[in-house]
Amino acid sequence: MESELDKELRYHVERQTEENVAAGMSAREAREAASRMFGEVTQIEEECRDMRQTQYLENFVQDVRYAARMLSKSSVFTVVIVLTLALSIGANSAIFSVVHGVLLRPLPYPQPERIARVFYRSTSYPKFPLNPWDFLDFRARNRSFENFAMYTHADVQLSGTGSDPVKLSAFRISSGYFRVLGVQPVRGREFDFSEERKGNGNVVILSDRVWRNQFGAAPDILGRKVLLDSQPYTVVGLMPAGLDHPGNSYNSVAYGDTVDAWTSVYV
Amino acid sequence: MMNFSMSKPSDLIQGTLDLLILKTIALEPMHGWAIAKRIQQLSKEVLQVTQGALYPALHRLEHQGWVRGAWGESESGREAKFYSLTKAGRVQLDRELAQWQRLSGAVVLVITGSAGGVS
């Protein structure tokens with residue numbers, strides 16, 4: 001289309017030149033007059049394209065071509081720009097994944113909106129873990145919540161399995177802990193109230209990972225005696241694979257970290 | 001003699017150039033150069049249409065479907081783009097003619113009427 005437009009306008013200029021010559025202009029003057037007119041040609045072409053409303057698209061295509069040409073000409077500049085962009089986009093998405101995981105993603109439990117964590121709050125410590133005695137008082141007087149449970153991080157050493165002793169990432173939990181989260185053991189049961197009393201026998205719930213890695217996924221794992229910190233514990237439950245915990249500090253594990261074993265708190 | 005150089009469509013009453021072009025090519029297909037010449041001659045050199053006004057107007061009219069451009073051989077033996085009126089262009093010409101007559105008539109009424117009133 002553009003070359004047609006060129007041709008059309010050139011024809012006009014040629015006719016103008018001829019007329020100028022016919023009117024008595026010298027060949028030089030006529031040529032000059034014609035070239036003066038050619039000066040307008042670009043603008044006329046642009047206006048013609050404006051009239052056809054294809055200008056935006058053509059401008060865009062030209063801009064893209066121009067950008068590509070300039071970028072390929074100055075390759076160092078291009079590399080720097082591309083690297084800068086890559087780094088900033090990478091940093092952004094990395095930060096966003098953390099923000100998403102920590103702040104935005106809902107808790108990985110069936111009804112996350114109904115679960116809350118309880119902290120002390122004072123001027124010196126805006127967020128401070130509860131102590132066990134207050135927990136017992138709160139639980140005894142609880143009328144606002146369906147359930148009230150506690151946990152604390154307490155790693156143990158597992159031995160007597162025939163191989164070397166291993167350190168297990170473990171929680172001490174009160175009865176009802178998994179009920180609060182809305183997660184049920186795949187086998188066995190979680191702790192009941194009587195197991196919070198010392199002397200009623202040590203009990204442990206194992207993770208899917210420990211069950212597979214340390215006990216060869218033994219089908220008769222429930223009821224088996226295991227040694228934790230050299231004390232005998234009875235396995236009463238087995239949790240599903242991929243179980244998450246309320247993460248981040250305050251006696252918990254980092255987000256995404258697994259817990260290997262759960263034992264009962266003693267109160 | 002006073003000359004009206006139509007370099008931009010808004011220099012004279014807007015739309016007048018469209019009317020002039022449509023009227024000029026209503027008889028026979030013409031290329032841009034000839035259209036400008038014809039307007040110049042018929043107006044006894046009063047109206048001079050520059051190509052900066054003419055070609056954008058022609059392309060707009062073509063885009064609106066009122067004129068159609070086709071390449072052909074000019075009287076000087078070279079290739080030129082000839083513009084002819086389409087059916088819709090003929091309807092448009094009638095409409096613009098009527099509008100122009102109403103407008104110019106109204107202007108005449110006003111200026112003659114007010115001249116009489118003042119004197």
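Below, chains carry the letters A, B, ... as their sequence lines are ordered, and counting in each starts from 1. Only this structure's heavy atoms are used, side chains among them; waters, hydrogens and symmetry mates stay out.
At a threshold of 4.0 Å, the pair B:Glu79-A:Arg10 does not count as salt-bridged, since none of the basic side-chain nitrogens sits closer than that to a carboxylate oxygen.
Separation of atoms NZ (B:Lys81) and NE2 (A:His12) is listed at 15.0 Å; rounding is to 0.5 Å. We find the NE2-CD distance between B:His31 and A:Glu8 to be 10.5 Å, quoted to the nearest 0.5 Å. With values rounded to the nearest 0.5 angstrom, A:Glu14 atom CD is found 11.0 Å from B:Trp33 atom CH2.
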Check your understanding: Between A:Glu18 and B:Arg78, is a salt bridge (charged side-chain N to carboxylate O under 4.0 Å, His left out) present by the stated rule, with each step listed?
Key -> CA-CA 13 Å; A:Glu18 284 166 15; B:Arg78 271 167 299 179; 2.4 Å; yes

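Annotation for A:Glu113: atom CD counts as buried by contact number, over 12 foreign heavy atoms lying within 6.0 Å. Counting heavy-atom neighbours within 6.0 Å of B:Gln64 CD, excluding the residue itself, gives a total above 12.
Side chains of B:Lys37 and A:Glu19 form a contact here, defined as non-hydrogen atoms less than 4.5 Å apart.
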